[in-house]
Structure formats: C-alpha cells, structure tokens
Enquirer: 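Pasting a structure here, questions to come.
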Amino acid sequence: MPETGDLRVSEAVALAHALVARLADLEGIRVLFVKGPTAVALGARPPRPSSDVDVLCEPHSIGPLTLALEACGWRRRVPESVTSRFQYASPYMFEHSVHYIHDEWPCDLDIHYNFPGFLAPDTQVFGALWERRTVVTVAAVPVTSADRLGQIAIVGLHALRDAALRSHEVDLDHLVGLLTALPEPDRAAMTRLAAETGASETLRPLLESAGVAVSPGIWTDEEALRRWRARTENAGTYTMNWLIELRATPWRRKPRLALHALFLSKDELMSSHVGESGGWLNLTRLQARRWLRAGHYWRRGLAAARKSGTGPG
Amino acid sequence: MGNANQEVWRRSPYVAFVDDKERVVLLNTGDPRSNRPQLLVGSAASVWRLVCRGLTATQIADTIVEDFELEHSSASADVLVFLHQLEASGLIFRHL
C-alpha cells in the first residue's frame, strides 16, 4: 500500500487546494481560490512557490467551512494574536482572514472573509468576483478561482498594501505589463470590476500606471479609504501598528505598552513562527529581528501614527 | 485473471495528486475527514502514471516489466495486487 510520507510545501499547497475545494463543495459553500497557484496559472502573478492557500469564502459561510476543516484535523493558528487585541490600531490592520494549520501539512490555509482594499460590502465584492469566476486545475482537480481580472485586482491590492517589499514590486511591475497588454474590452472590464468592488481608489496607482481608466464607482467609504492610505503610504508593518497603538493609548498605560512592544512573550513570538524552535537562541534571534525591523520602519510608522489621528496622542 | 488483466483502470475523480517525476503524492478527497496524503515512489509511482493514461492491467504490467527490467509473471501479479489495493483505497476504479 502507498505510505503517508512527509509532504513538501509545494505538494501540500497544491493538495490543500483540492481538500478545501472538496470540503466547500460538500458543505455547499461557494469559495474562490485567489493568489498562489491559481493566480500563477492565470498569469496574474509571476511564477514563484507559495507556502499557503488563499481562499475567499462567501460571506456568512466561513463558520461551516472552518468547522469542516477542524473535523479534518486543522486548527486555527493564532486564536487570539497580540495584535488582534490592539484597541486603536486594529482598524489599520485590515484583518481579513483566519489562518489554519495542521501538524502533518507544511502549509497554512488562509480563509479570507474579505480582502483588504475592496471597500464595497463583502457580499458585493464576493458577488462581483464570483460572477467572473473561472476553473483552474490544481493537483489534477478543478478548483473554482477568481478569473484573471479578479486575480489582478487581488494580487494588485495585496502588493499595494506593502508596496515597498521587493516581491510586491515585482508583482506590481508584472501587473502593469499585463494590464497594459490587455485588449481594450478587458481593460474596460477591469475598470468596471474595480468600481463594483469599491477598489477604484485603492487600485488607482496600479490602474493609472497601466493606463487603465479609473471610474469613481458607487461604493465610497471615506474613512476606510483614509485608513487604507495611512497604511499603504507608511508601510503597513507591525511597527506602524504598535506606534499607532502607543500614540493613542493614555499616558498612564504607555510605559507598560512600550515594554510589551519591545519584549513579546515567548507565545507571542512563536505564534508567527509555527514550527520553529522555541529555544532561547531562536527566541533571541526573533526578538532581535523585530528590533531591526522596528529600527528600519519607525519613521514611517510614526508618520502613520500621526496621520491616524487616534487617541489622545 | 484473464479478464481482470484487460480491464482499464481510471483515477477516481476525487483523487488529487502531485507528480514531480520523482514521486507522486495522492489525496483522496472522497472522504476528506479520514484520508491522508499518500506517497508513491519507484514502480508504484509509475503504475499510478500508467493508470492516469487509461491503460489495462496487462499494458501497465508490460510497461513496468520493461522499465524496471523485472521478471514478467511475478511483476504482472504484483501489479494486479497493487491495482486492487489502490481500488480498495478508493483511489482508482475499473472502467468497464
């Protein structure tokens, strides 16, 4: 009989697409696979290995889907992360998914209930993307995926969220080339999709770079757009989140929060590094990496904190 | 065994698999709660690839004998046993 062997990441990612697709089908839940292998297959992202599965679940059905995953041995990665307890910075973090892991699968499942940058209501966004859905073969089985334009919007929004990252620069360059080469009907459809999903403004830098028209659309959420801009213009890092939180927190609680920001507990550190050693050497390394990152981003984080306008300052 | 050898085998539509030419990893999503990924290497992986090409047991055995330079009668029996194991696991079915 065939043996169960250690899965490689690339194998796990592909097979997990098939698993989630099947579970969603059994539960009668509509899902769209986004980013990763499906985006690569549709040409919306340059080929590169993925370490997780991204799936957008239809609104209000994420509960049954995650229950089905849990019945298969998957568990939520961080039931409550330190950052999810942020009182003031959480609106800038654009929480958008729940992460699932499994001891025998070397990949994460990111189950999205929305996608940052789509400012229209979740139902409207899912409906617009579902309307344009396509089927992609992953691990030799068909899975339902956002179509090429939907993937362009999603990959574009993901890259614009932290546009300074090298991999995101590569993705944006790729998308500009792709959009520029699209025939006019597809470019017009891209304009419409952005408008329908409330992404005209958030995608504007990408669309304008490719000469795609930007239509104002019917969905406007000025506050969400302000938060999006505060984040994207000032590097959406944890440094920014901590600084927004620190700035807005009352003075008497600032020292304790500052200490917390500097020295995360072991559990908090390990929550983002599942599978790594919890030994003191690795913990020190992870802590030092946080400080280096903070040193790199603190100016932009401060600018974002000032723009956030939250709390007493 | 005569008839069995002429049956064409097919992959179950619920079986996902990844083949990097070195090994094949399968997942039967037919019953996702109880099935785990299965690893095939060597001649087992080759049999899987031949099943995916829609060959009969005889054709599969002939190819395995040639590719792995095995003795024909024992290899044919082994292939048939393996196909039945795959069938019992819900990974393949006989296409009549």
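First the proteins, then the strands, lettered A, B, ... as listed; each starts at 1.
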Enquirer: Given the options N35(B), T29(B), V81(B), which has more heavy-atom pairs under 4.5 Å with chain A than any of the others?
Expert: T29(B)
Enquirer: For residues P13(B) and V141(A), report the shortest heavy-atom separation together with the two atoms involved.
Expert: O-CG1, 4.1 Å
Enquirer: For L69(A), which atoms come within 4.5 Å of any heavy atom of chain B: side chain, backbone, both, or neither?
Expert: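 Answer is neither: L69(A) stays 4.5 Å or more from chain B.
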Enquirer: Can you tell me which portion of V24(B) sits under 4.5 Å from chain A's heavy atoms? Options are side chain, backbone, both or neither.
Expert: neither
Enquirer: Look up atom CG in L27(B) and atom CZ in R22(A), then write down how far apart they are to the nearest 0.5 Å.
Expert: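 Going from CG on L27(B) over to CZ on R22(A), the span is 11.0 Å.
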Enquirer: Ignoring hydrogens, what is the shortest heavy-atom contact between P32(B) and L26(A)? Give both atom names and the distance.
Expert: CG-CD1, 3.7 Å
Enquirer: Which bit of L15(A) is near chain B, if near means a heavy-atom gap under 4.5 Å: side chain, backbone, both or neither?
Expert: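 For L15(A), the contact with chain B is made by backbone and side chain together.
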Enquirer: Please check if atom CD in E131(A) has more than 12 non-hydrogen atoms from other residues, nucleotides or ligands closer than 6.0 Å.
Expert: no
Enquirer: Below 4.0 angstrom, N of the basic side chain to O of the carboxylate: do R8(A) and E22(B) qualify?
Expert: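 Here R8(A) pairs with E22(B) in a salt bridge, since their nearest N and O are under 4.0 Å apart.
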Enquirer: Just checking E27(A): does its CD atom have more than 12 heavy atoms from other residues, nucleotides or ligands closer to it than 6.0 angstrom?
Expert: yes
Enquirer: Can you confirm whether more than 12 heavy atoms, excluding those of H72(B), are under 6.0 Å from its NE2 atom?
Expert: yes
Enquirer: Based on non-hydrogen pairs under 4.5 Å, which of G30(B), S34(B), A88(B) is most in contact with chain A?
Expert: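 Answer, by heavy-atom pair count under 4.5 Å with chain A: G30(B).
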Enquirer: Going through the distances and angles, do L23(A) and R33(B) end up as a side chain to side chain contact (heavy atoms under 4.5 Å, CB included)?
Expert: CA-CA 9 Å; L23(A) 289 173; R33(B) 292 184 186 202; 5.5 Å; no
Enquirer: For E71(B), does the CD atom have more than 12 heavy-atom neighbours from other residues, nucleotides or ligands under 6.0 Å away?
Expert: yes
